[in-house]
Amino acid sequence: MALRFTEQDLKEIEAICHRYPDRKAATLPTLHFAQKKFGYISDDAVRVVAESLGLPVAHVLGVATFYTMYNKKPVGKYHIQVCTNISCALLGSREIFRHLSRKLGIKAGETTEDNLFTLQEVQCLGSCGTAPTIQINEKYFENMTVEKVDKLVESLKKGEIDV
Amino acid sequence: MSEYVLFKHLIDPEVRELDHYTQLGGYEGLKKALKMEPVAVVEEVKKSNLRGRGGAGFPTGLKWSFMPKDDRQKYFVCNADEGEPGTFKDRYIMSENPHQLIEGMVIGGFAMGATVGYIYIRGEFKFIADEFQKAVDKAYEAGYLGKNILGSGFDFDLYLHLGAGAYICGEETGLIQSLEGHTGKPRLKPPFPAQVGVFGQPTTVNNVETIACVPDIIRKGAGWFLTIGPDRNNGTKIYGVSGHVNNPGVFELPMGTSLREIIFEHAGGILDGKKVKAIIPGGSSAPVLGPEHLDIAMDFDSLKEAGSMLGSGAIIVMHEDTCIVEAFARLAEFYAHESCGQCTPCREGTPWMARIIRNIENGDGREGDIELLYDICTKIIGRTVCPLGDAAVFCIKGALDRFRDEFEYHIQHKKCLVENKVAIYG
């Protein structure tokens, strides 16, 4: 079934538009809004964003594919992003990434069969003083070790923590 | 002990609350500014020698004075994209002392005749932006934002705008493009943002830390700011230390504090008592230094003289077990990943450099690779719209210049010079 924004959604999008003199400026925030609602930015999500803002689909698609935070394919319930840039790497983020990959049985960019976890390697998260850092959905987990991520994944599986 | 200008949460941990902020003199600078002529506010900032904390070190007051004095709609934009590897300072101003940034935005808006401000925050910092928005809401309630601020007749609206994961949006014209809803591909300058900025209107973009310095400069006067730090490098600086140190973190210290003091006194020295091998002094784009530079004063001019730069003041420390080739292979990969693809030298050059360094690291380096890397550097630098390509060159060329022997060893012996190295890739 084709995606759509509800009346309430459209009201929220109009409120976003009011922050700017030009509706095009609402492209990024509306894509964030769509991703939160639909889970990822499918071609259909691109279409509804474009329609809600009165912009060409090509413009919205161009923006959606330029920025790394817009997921162009479905992600698991927990989107684990491991920073492997220099400050995190100096303190062992590679080992953390490898451990997660082995534990979850997936490679970078893949999602587990139960759709619970997606694993990704990312550039600097701006959390270098508390390295290694991983981001799960919108939350940061800092000063990570192999043991800590291990426990974290177990807690997520059991639904013990909310992200 | 240093005076805290920005990290007032170290004086009062609750300073993020409006009433606590005002108890420490918060919004007094704004009250004072609103009674001054806007041009006098710009003059005061000029006199303070405040220089841009985002990396370039450009005089802030001078930048403000470039804004036209006509009645066009103008914008004041805060760069909170904080994406330079090693940099993690602005987030603490936003989360711990948000009102100081808000106050700085209003003062700047008043000084430049801008009635709308945007804070461009990297998308990953949504959790910080959500908290920051609460401080913005409080400032509106208290009359520090909105219409007719404190009865002055000056209006200023402030909005947060979340990025979506692109280092290039930290470059001011890339940021402007992104704020307008486009891909973050930087624009040619001129025209400079003060003439044609966001939505085609005069715009000034400043870093979070820069803007947060302004309230105290106005409240206490430029003369006070000049008493901190060396001549023309005045004020305090937030130094972020990461990598192989015992106590990584952010430290607000007088500009010009020595690298040795920052690393050994504040950041607790090197992990496991090992020796320092390499220090990147100002975010990944600042050419790397060695242990012989430990006594350098961490300010704009001293670092420039040493062939590097203060950049964002983000210090990345690597100890003796680090393979330089591997570390810079990772950074080369970063620039290749973040090149926006607009200019051929950067789009093609950065991944090419990354492949060559990775090959050298993997033992597949060839004679002539070092010369080839230098050659690629000369073909990128100065030939692109924005400084991302230049930044990649500063980073890679800096490593080649200072640690050439390690690259050569790798090529000749097909292995690392370092045994039991830190595993960055391997």
Side-chain angles (χ1 to χ4, degrees), chain A residues 16-33 35-36 41 53 55 59-60 62-71 81 83-95 98 121-131 133 135 137-140 142-143 163, chain B residues 73 82-88 90-91 116 118 122-127 130 157 159-167 169 178-185 198-199 201 240-244 248-250 271 280 284 314 316-319 322 327 330-331 334 337-338 340 422-426:
Chain A
I16 293 170
C17 289
H18 275 118
R19 298 178 211 156
Y20 313 98
D22 179 349
R23 293 179 75 84
K24 195 179 261 183
T27 308
L28 271 73
T30 308
L31 278 166
H32 280 305
F33 184 88
Q35 178 152 300
K36 187 139 187 137
I41 303 295
L53 297 173
L55 296 171
H59 165 77
V60 177
V63 172
T65 50
F66 181 83
Y67 295 95
T68 55
M69 282 180 70
Y70 300 125
N71 303 313
Q81 306 187 69
C83 174
T84 60
N85 210 317
I86 191 73
S87 300
C88 285
L90 290 171
L91 294 174
S93 65
R94 179 60 48 188
E95 197 40 54
R98 279 220 187 96
E121 207 181 315
V122 290
Q123 299 299 338
C124 188
L125 288 172
S127 198
C128 323
T130 45
T133 296
Q135 185 178 7
N137 298 351
E138 289 176 3
K139 212 166 174 177
Y140 275 27
E142 299 166 282
N143 297 307
V163 286
Chain B
Q73 174 66 52
E82 188 140 88
E84 175 84 4
T87 312
F88 52 101
D90 296 333
R91 56 179 291 190
V116 178
Y118 293 102
R122 61 178 298 173
E124 294 87 345
F125 284 173
K126 183 173 184 299
F127 62 103
D130 287 346
D157 281 309
Y159 303 106
L160 305 190
H161 182 96
L162 280 179
Y167 169 66
C169 295
S178 182
L179 186 51
E180 289 183 357
H182 297 278
T183 57
K185 292 181 179 167
V198 70
F199 309 118
Q201 303 301 116
V241 189
S242 65
H244 293 146
V250 278
L271 271 183
I280 299 177
S284 60
I316 306 167
V317 180
M318 304 179 209
H319 67 37
T322 314
R330 181 63 187 87
L331 287 174
F334 167 73
H337 184 271
E338 298 298 337
C340 80
V422 176
I424 291 171
Y425 281 108

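Here is the naming used below: chain letters follow the sequence lines, and residue numbers restart at 1 for every chain.
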Tell me every residue that passes salt bridge (charged side-chain N to carboxylate O under 4.0 Å, His left out) with B:Glu82, counting only those two or more places apart in sequence or in another chain. none
Partner residues of B:Asp157 under the salt bridge (charged side-chain N to carboxylate O under 4.0 Å, His left out) criterion, sequence neighbours left out: none
Does the side chain of [X] reach to within under 4.5 Å of the side chain of [Y], using non-hydrogen atoms?
X	Y	value
A:Cys124	B:Glu84	no
B:Ile424	A:Arg94	no
A:Asp22	B:Glu180	no

Pick one of side chain, backbone, both or neither for [X], based on which atoms fall under 4.5 Å of a heavy atom in chain A.
X	result
B:Thr183	both
B:Ile316	side chain
B:Phe199	side chain
B:Ser284	neither
B:Val241	backbone
B:Ile280	neither
B:Gln201	neither
B:Val198	neither
B:Tyr167	neither

Does any heavy atom of chain B fall under 4.5 Å from the side chain of [X], the backbone, both, or neither of them?
X	result
A:Thr84	both
A:Arg98	side chain
A:Val60	neither
A:Glu138	both

With rounding to the nearest 0.5 Å, note down the distance linking [atom1] in [X] to [atom2] in [Y].
X	Y	atom1	atom2	value
A:Leu90	B:His244	CG	NE2	4.5 Å
B:Ser242	A:Leu91	OG	CG	8.0 Å
A:His32	B:Lys126	NE2	NZ	9.0 Å

For [X] and [Y], work out which heavy atoms get closest and say how close.
X	Y	value
B:Gly184	A:Tyr67	N-OH, 3.2 Å
B:Phe88	A:Cys128	CD2-CB, 3.5 Å
A:Val63	B:Gly181	CG2-O, 3.3 Å
A:Pro29	B:His161	CD-CE1, 3.8 Å

Hey, which of [options] has the most heavy atom pairs under 4.5 Å with chain A?
options	answer
B:Glu338, B:Glu124, B:His319, B:Lys185	B:Glu124
B:Ser178, B:Cys169, B:Ala423, B:Cys340	B:Ser178
B:Gly163, B:Gly86, B:Gly165	B:Gly165
B:Pro85, B:Gly83, B:Ala166, B:Pro248	B:Pro85

Keeping B:Arg330 on the side-chain end and A:Ala89 on the backbone end, is there a donor-acceptor pair under 3.5 Å? no
Return yes if some donor-acceptor pair links the side-chain N/O of A:Tyr140 with the main-chain N/O of B:Phe125 below 3.5 Å, else return no.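 No; judged by distance alone, with no hydrogens or angles, the pair does not exist.
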Aromatic ring centroids of B:Tyr159 and A:Tyr20 under 6.0 Å? no
Could you check whether the rings of B:His182 and A:His59 sit parallel, tilted or perpendicular, using 30° and 60° as the cut-offs?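 B:His182 and A:His59: perpendicular rings.
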Walk me through it: do A:Thr68 and B:His337 pass the test side-chain contact (heavy atoms from CB on, under 4.5 Å)? CA-CA 10 Å; A:Thr68 55; B:His337 184 271; 3.9 Å; yes
